[in-house]
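Everything below concerns the one structure shown next.
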There are 2 protein chains.
Amino acid sequence: MTHQRLAVLTVLQREQRPLTIREIHELLDTAGDLATVYRTMHVLQEAHLVSRCDFRDGVARFEVSCACGALHHYHVICNNCGEVRGVEIEFPYAMLEGIASQTSYSHISPHVEFFGVCPACSKEGQNKKKA
Amino acid sequence: MTHQRLAVLTVLQREQRPLTIREIHELLDTAGDLATVYRTMHVLQEAHLVSRCDFRDGVARFEVSCACGALHHYHVICNNCGEVRGVEIEFPYAMLEGIASQTSYSHISPHVEFFGVCPACSKEGQNKKKA
DNA sequence: CTTGATGCAAAGGGTTTGCAGCATT
DNA sequence: AATGCTGCAAACCCTTTGCATCAAG
């Protein structure tokens, strides 16, 4: 609604990758207060305009919510250099049904992040082996 | 190896659920220092004796690594009351292959947590609707 | 005027680290 | 004696919060 919030959304739209709150703050033209960005992210999250992801490094990241069709948006993070790749792939909904039937939980939604080794770091590893 | 580390493993074995470092510390008979538990968890993690999971609440949790066969161990967390249920279910490895081929990343491993509403909270919701 | 967003500063909470002391080999 | 684990305290970082101010309806 407010100017600041639109600015945050614009940044996220432009970057098209998960951003730390600190990164968002630095990318804002009219850099307001960091606390304001934190509050803004809460609002945008509850409005389902952005989604939060967690790369297991203790820092929350945000990106614009995808207009998910059949394919869903995931991330693969390099264990070595931290590079993040986006992936569009179908999530196996059969799994959700299995979980629902095993647990009687409802409204189940998965939070998934993939970790691996990126091509560049893979090569480096090979070089190290050879050396 | 050391006494403290075995004690931590024993606690995790006994409880059979993801524990906060603070919880582990409180469950230890000879409660040493919190910092020691933090260091211990790092060691155990690197030794692949425990695995860390993340329930998106800013606190790391640990449990004994499963001797994974065909079925894998996952968690379903109640969005309302925070109750955690364990689930044993097959993970769709086809998904991993899809991601590997899309990204050229190797050694891909998924980190998954499921969120939903537990049966008890589901009932409460219905009561509220009726009331 | 009333409501809500902002900036600023301080506090909170989980985690890490430096250092000295202690145990074990 | 040497290595490494422990306890203690302080520091670090991300995040949240109280409060006064400011902008908008």
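Throughout, protein chains are lettered first and strands after them, A, B, ... in sequence-line order, and every chain is numbered starting at 1. Since the model is a prediction, treat every value here as computed from it, not as a measurement.
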Walking DNA chain C from its 5' end, the first of B:Gly58 and B:Ala35 to be reached, judged by nearest nucleotide, is B:Gly58

A:Arg5 meets the salt bridge (charged side-chain N to carboxylate O under 4.0 Å, His left out) criterion, sequence neighbours left out, with none

In this structure, CD of A:Glu97 is separated from CD1 of A:Ile108 (nearest 0.5 Å) by 10.0 Å

note: B:Asp33, atom CG; C:dT17, atom P; distance rounded to Å ~ 15 Å

Residues of residues 36-46 of chain B with a heavy atom under 4.0 Å from any atom of DNA chain D, listed by number, are B:Thr36, B:Arg39

Taken to the nearest 0.5 Å, the spacing of A:Ile99 CD1 from B:Ile89 CD1 works out to 5.0 Å

_A:Arg22, CZ: over 12 other non-hydrogen atoms inside 6.0 angstrom_ = no

Sorted by chain and number, sequence neighbours left out, ring pair (Phe, Tyr, Trp, His ring centres under 6.0 Å) with A:Phe115 holds for B:His111

The reported gap from CG in A:Leu19 to CZ in A:Arg61 (rounded to nearest 0.5 angstrom) is 9.0 Å

Nt span of DNA chain D in reach of chain B heavy atoms at under 4.0 Å, 5' end first, is D:dC5 to D:dA9

When rounded to whole Å, the CZ to C1' distance for the pair B:Arg52 and C:dT16 reads 14 Å

Going by distance alone, is a donor N or O of one side chain under 3.5 Å from an acceptor N or O of the other, for A:Tyr105 and B:Glu83?
-> yes

Taking five pairs at each terminus, the helix from C:dC1-D:dG25 to C:dT25-D:dA1 shows an axis bend, to 10°, of 20°

Here the distance between atom P of C:dT16 and atom CG of B:Leu34, to the nearest Å, is 11 Å

When rounded to whole Å, the CG to C1' distance for the pair A:Asp57 and C:dG14 reads 14 Å

Shortest non-hydrogen pair, B:Ser65 vs B:Val50, comes out as OG-C, 3.3 Å

Between CD of B:Gln4 and C1' of C:dT24 the distance, given in whole Å, is 15 Å

Rounded to the nearest 0.5 Å, the CE atom of B:Met41 sits from the CD1 atom of B:Ile24 at a distance of 4.0 Å

- Aromatic ring pairing A:Tyr74/A:His72, orientation class (parallel under 30°, perpendicular over 60°, tilted between): parallel

Identify each donor-acceptor pair in which a side-chain atom of residues 28-40 of chain B lies under 3.5 Å from a protein atom, sequence neighbours left out, and give them as a table.
{"unit_1": "B:Asp33", "atom_1": "OD2", "unit_2": "B:Ala35", "atom_2": "N", "d": "2.8"}
{"unit_1": "B:Thr40", "atom_1": "OG1", "unit_2": "B:Thr36", "atom_2": "O", "d": "2.8"}

